Amino acid sequence: MIKFFRHIRQKLLTENKFSKYLLYAIGEIILVVIGILIALQINNWNEFKKDQVKEQAYLVNLNKDIKADISYNNRNIFERYDKKVEALKNGKAYYQGMYTITDTLTFLNDLGYGAVFGNVIWAFNKTTYNQLVNTGDFKIIANDSLRESILNYYNLLNGIDESSEGKQTGYVKYTNSLAPFNRDAPGFISSFDQKLFLSKIKSEEFYKLLNLELTLAYEIKGKATSVDSRAEKLIELIETYLKE
């Protein structure tokens, strides 16, 4: 093809038809430019399609991560919350002389259960989000509203992580010091430890720890509720976008 065009140019020059040669040269240049533009357009289209595929993969994984956050909150906080709060309130009532123990071992084990999620360790799934940020791929989320909602959700999670540092009340450590917890025998408390535990429940120090742990439980539930509410809305946005 190149030889063919060269032959035409040479023929026009030899025939001294410079004006026609000039027009022909301009036309050839235009054709080359058009070819380049078409190639660029095809390349841009291919890159766009690749980004669409990556975007979909990221959103599918984000959706899984966010659903895992909800599952974690349900399993570790909401399903344990009522029993934890009831145990702590019963401990307060006993200190105040308003609760009668019917089974010492059960009562003490329930107080031990009051320590659940007291270490304030959140396990949010940020793997996909961190990958989006670290690779610079966040920009391929084409929908501005969806991208902003994702940022807001993970800003909430980061804020909760930061605000929860050092929030432990000391209740977990204190109850473990009175009755060591053994996963192989979770309900066992020796007779001596039972007597010591009961004596400490009537102390002002333990009463204050009960109040601190209750306050922490209310706070953690509130944060988990906020996360679930935001997560459910974001899941709906992602799934709607993926269907479009």
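All values below come from the heavy atoms of this structure, side chains included, with hydrogens, waters and symmetry mates left out. Note that the coordinates shown come from a computational prediction; the quantities given were computed from them, not determined experimentally.
Atom CD of residue Q96 and atom OH of residue Y207 lie 4.0 Å apart, to the nearest 0.5 angstrom. One distance of note links OG1 of T104 with NZ of K195; it measures 11.0 Å at 0.5 Å rounding. In this structure, L210 CG and E205 CD are separated by 11.0 Å, a value rounded to the nearest 0.5 Å. Rounding to the nearest 0.5 angstrom, the gap separating the CZ atom in R147 from the CD1 atom in I140 is 10.5 Å. The CG atom of L216 sits 8.0 Å away from atom OG of S164, with the distance rounded to the nearest 0.5 Å. Taking NZ from K126 and CG from L157, the interatomic distance works out to 6.0 Å, rounded to the nearest 0.5 Å.
Residues L178 and L111 have side chains not in contact (no heavy-atom distance under 4.5 Å, counting atoms from C-beta outward). At a threshold of 4.5 Å between non-hydrogen side-chain atoms, the residues F124 and L156 do not count as touching. Side-chain contact between F107 and N90 is present, with at least one heavy-atom pair separated by less than 4.5 Å. With a 4.5 Å cut-off on side-chain heavy atoms, E55 and I141 count as touching. No side-chain heavy atom of L105 sits less than 4.5 Å from a side-chain heavy atom of F188. When side chains are defined from C-beta on, Q131 counts as touching Y58, because their heavy atoms get closer than 4.5 Å. When side chains are defined from C-beta on, I220 counts as touching V120, because their heavy atoms get closer than 4.5 Å. Between N130 and Y154, every side-chain heavy-atom pair lies at or beyond the 4.5 Å cut-off.
A 6.0 Å sphere centred on NZ of K167 holds no more than 12 heavy atoms belonging to other residues, nucleotides or ligands. For K200, the NZ atom is loosely surrounded, since the number of other residues' heavy atoms within 6.0 Å does not exceed 12.
Note that K84 lies outside the cation-pi zone of Y113, set by a 6.0 Å cut-off to the ring centre and a 45° limit from the axis.
One hydrophobic cluster holds both Y241 and V60 under the rule that ILVMFWY side chains link at heavy-atom gaps under 4.5 Å. A continuous path of hydrophobic side-chain contacts links L59 to Y153 [ILVMFWY only; heavy atoms under 4.5 Å]. Criterion: ILVMFWY side-chain heavy atoms under 4.5 Å apart, direct or through other members. Under it, L214 and Y95 are not part of a common hydrophobic cluster. Cluster membership for V133 and L62, using ILVMFWY side-chain heavy atoms within less than 4.5 angstrom, is shared. In terms of hydrophobic clustering, with Ile, Leu, Val, Met, Phe, Trp and Tyr side chains grouped at heavy-atom distances under 4.5 Å, F181 and L108 are assigned to different clusters.
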N158/Y129 under side chain to side chain donor-acceptor pair (under 3.5 Å): CA gap, chis, key distance, verdict: CA-CA 12 Å; N158 290 334; Y129 172 76; 4.9 Å; no
Apply side-chain contact (heavy atoms from CB on, under 4.5 Å) to D110 and K83, showing your working. CA-CA 8 Å; D110 285 347; K83 184 177 179 180; 3.9 Å; yes
side-chain contact (heavy atoms from CB on, under 4.5 Å) assessment of I235 paired with N63: CA-CA 6 Å; I235 287 170; N63 210 28; 3.5 Å; yes
side-chain contact (heavy atoms from CB on, under 4.5 Å), that's the test. Do D161 and E165 meet it? Break it down for me. CA-CA 7 Å; D161 276 336; E165 290 184 9; over 6 Å; no
What's the verdict on ring-ring contact (aromatic ring centres under 6.0 Å, His included) for F206 and Y174, showing C-alpha distance, side-chain angles and the deciding distance? CA-CA 8 Å; F206 190 70; Y174 192 84; 5.7 Å; yes
Derivation and outcome, side-chain contact (heavy atoms from CB on, under 4.5 Å), residues W122 and I77: CA-CA 10 Å; W122 299 94; I77 297 174; 3.5 Å; yes
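In terms of modelled atom types and a separation under 3.5 Å, the side chain of N182 and the main chain of D184 share a donor-acceptor contact. The main-chain N or O of I160 is found under 3.5 Å from a side-chain atom of S163 such that the two form a donor-acceptor pair. Side-chain N or O atoms of N73 include none that pairs as donor or acceptor with a backbone N or O of F78 at under 3.5 Å. Proximity of a side-chain donor or acceptor of S226 to a complementary backbone N or O of G222 within less than 3.5 Å is detected. One N or O on the side chain of N109 and one on the backbone of G187 form a donor-acceptor pair closer than 3.5 Å. No donor-acceptor distance shorter than 3.5 angstrom exists from the side chain of K208 to the backbone of S203, with no hydrogens or angles considered. Judged by distance alone, the side chain of S229 and the main-chain N or O of T225 form no donor-acceptor pair under 3.5 Å.
Contact between D69 and A123 at its shortest, heavy atoms only, is OD1-O, 4.2 Å. Shortest non-hydrogen contact noted between D193 and P180 is OD2-CD, 3.8 Å. When all heavy atoms of A68 and N125 are compared, the pair lying nearest together is CB-ND2, 3.3 Å. Shortest non-hydrogen contact noted between T135 and L132 is OG1-O, 3.6 Å. Between A231 and I66 the shortest heavy-atom distance is CB-CG2, 3.4 Å.
A salt bridge links K67 to E239: one of the charged nitrogens lies within less than 4.0 Å of a carboxylate oxygen. At a threshold of 4.0 Å, the pair E219-K223 counts as salt-bridged, since one of the basic side-chain nitrogens sits closer than that to a carboxylate oxygen.
A side chain to side chain contact (heavy atoms under 4.5 Å, CB included) with L237 holds for exactly one of I150, L146, L242, N143; it is L146.
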